[in-house]
Amino acid sequence: MANLLSIINPATEALIQEMPVDDKAAVAEKYARARAAQPGWAALPLADRIKPILRFRELLVERVDALAALLTSETGKPITQARNEILAVPGRIDFFVENADRVLSLERVYAEPAGALPGMGSLEEVIGHDPLGVIANISAWNYPYFVGGNVFIPALLMGNAVLYKPSEFATLTGGAIADLLHASGIPQDIFIPVIGSGLTGAALLEQPIDGVFFTGSYATGQKIAIATAPKLIRTQLELGGKDPAYVCADANGAVAAAALADGAFYNNGQSCCAVERIYVHTEVYDEFFEAFLATVRGFKLGDPTDSDTYLGPVSRKPQLSVLAEQVTDALAKGATLCCGGQTLDRPGWYFAPTVLTEVNHTMTVMQEETFGPVIGIQRVASDAEAVALMQDTPYGLTAAVYGTERDRAVDILRQIKTGSAYWNCCDRVSPRLPWSGRGHSGLGTTLSQAGLYTFLQPRAWHLRAG
Ligand code: TXE
């Protein structure tokens, strides 16, 4: 009998559905279908690949209510945030579509007339690009439309076939994405969902794929890098973060507090670029702290299907213990609990929004990925102290500085190992800018033009007339 994946509603703990998991044989069969179909897809004119993607864009908007409800049911993401996620995908599609032709165009970089070398014909040097082939997209649950779409949309446009393994915690949404792409005209064998958990993901890596694009934890990212190393294929890892924010002495404490509370608690803190630690200059500390706590206390927690709910349950039950352990560790080492600190006594995987102060870097809450509604705020006496603390984790995804002076913020951010640098903003992603991590935050780039090139391999054409 086939293995079954249980899909649980994090807000009620009710079983939504059981789904059969793809075993090794099923994964191999899906791979073979994709391999056979990919050359035909790549040979189509670009316009024929753009057309179904634009239809997908329309269907996302038309069906946003049902898609958002499904996402909320299996991840606990508040419905308004689920809608926001889906409705932001069209902007990313527009960027990819507008840039696809430029990236795929042949570029003549050198021309030599006939006879330039005695007896030789003319010479052209041309740069072209070919798709990678069949790629695996092993995806995460926290933003299935974003982290999946940043991969499968450009991958398909560039002529690749995609074996798409949604997270086991967002499988229904993964299926809905596949149905929508197929209804839009993407061939069944060009985008194939692969259903299951980590074992299925590992089985996918055993196939002779041409690239793997992963979003998830550092621990699993390492396993993927090890599994793909002997294959010498493109391996892109979008991993987590421990993203710092620093509020300078000259910042408007109240404004920074409102923005950073949202950056820390949006999607229940389950964002790769969530603000995970905050450093505040002592001169603005009191003003900041008061406003921050008031903002957090104002967040509406509850049923994620209510449109005014800001905080729902966390998406994965094991995360409740991670959060509780970080809080216990911090309190044991002298932190002050300002609010929250425990799971809620109600059905569902709810953790009260938690603010800790008097924290320091001996505590796991300031060092390890939290990925939930818990934040530490540390007082600092100078920019130099803030820089040293911001640098003090192995991650490097984003970093934010709040303050009135742009030059000072840029100077601070330049010293930080980070893929994205924010001045007076945070938890922000743009399709026009490269999304990449340093250190334990990963390898490779999505979004921007680099996020199209990453699904291609260059070919050097040396063309001499005979
Ligand atoms: O991640 P995993 P999980 C972090 C975050 C979170 C923690 C665990 O801290 O609490 O990771 O989340 C597949 N070979 N992030 O368990 O294990 C798996 O099936 C191949 C940060 O969801 O990394 C899923 O599809 N595939 C992050 C995907 O990998 C394997 C987003 C991610 O799973 C596999 C998500 C294997 N051996 C979690 N093992 C971010 N960057 O935002 C698992 N998978």
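Remember, it's 1-based here, ligands and their atoms both numbered in the order they're listed. It should be emphasised that the depicted structure is a prediction, and the values quoted were computed from it without experimental measurement.
By the side-chain hydrogen bond (donor to acceptor under 3.5 Å, both in side chains) test, Lys242 is found to be paired with Glu276, Thr370, residues two or more places apart in sequence or in another chain being considered. Looking at residues two or more places apart in sequence or on another chain, you find a side chain to side chain contact (heavy atoms under 4.5 Å, CB included) between Ile8 and Ser6, Leu15, Trp349.
A side-chain N or O of Thr364 and one of Asp329 form a donor-acceptor pair less than 3.5 Å apart.
Within the listing of ligand 1, atoms 31 (C), 35 (C) sit less than 4.0 angstrom from a heavy atom of Ala140. Every atom of ligand 1 is numbered from 1 in the order shown, and the set under 4.0 Å from a heavy atom of Gln319 is 10 (O). Listed by atom number, the atoms of ligand 1 under 4.0 Å from Gly240 heavy atoms are 41 (N).
In this structure, Phe214 is part of the shell of residues with a heavy atom less than 4.0 angstrom from ligand 1. Using a 4.0 Å heavy-atom cutoff, Gln270 is absent from the residues neighbouring ligand 1.
By the 3.5 Å distance cut-off applied to N or O atoms, Asn142 is counted among the residues near ligand 1. The N/O atoms of Glu369, backbone and side chain alike, include one that comes under 3.5 Å of an N/O atom in ligand 1. Residue Leu239 has at least one nitrogen or oxygen atom sitting less than 3.5 Å from a nitrogen or oxygen atom of ligand 1, judged on distance alone.
Of the charged side-chain nitrogens involved, none lies within less than 4.0 Å of a carboxylate oxygen, so that Arg234 and Asp210 do not count as a salt-bridged pair.
Of the heavy atoms in Ser139, only backbone atoms (N, CA, C, O) come closer than 4.0 Å to ligand 1.
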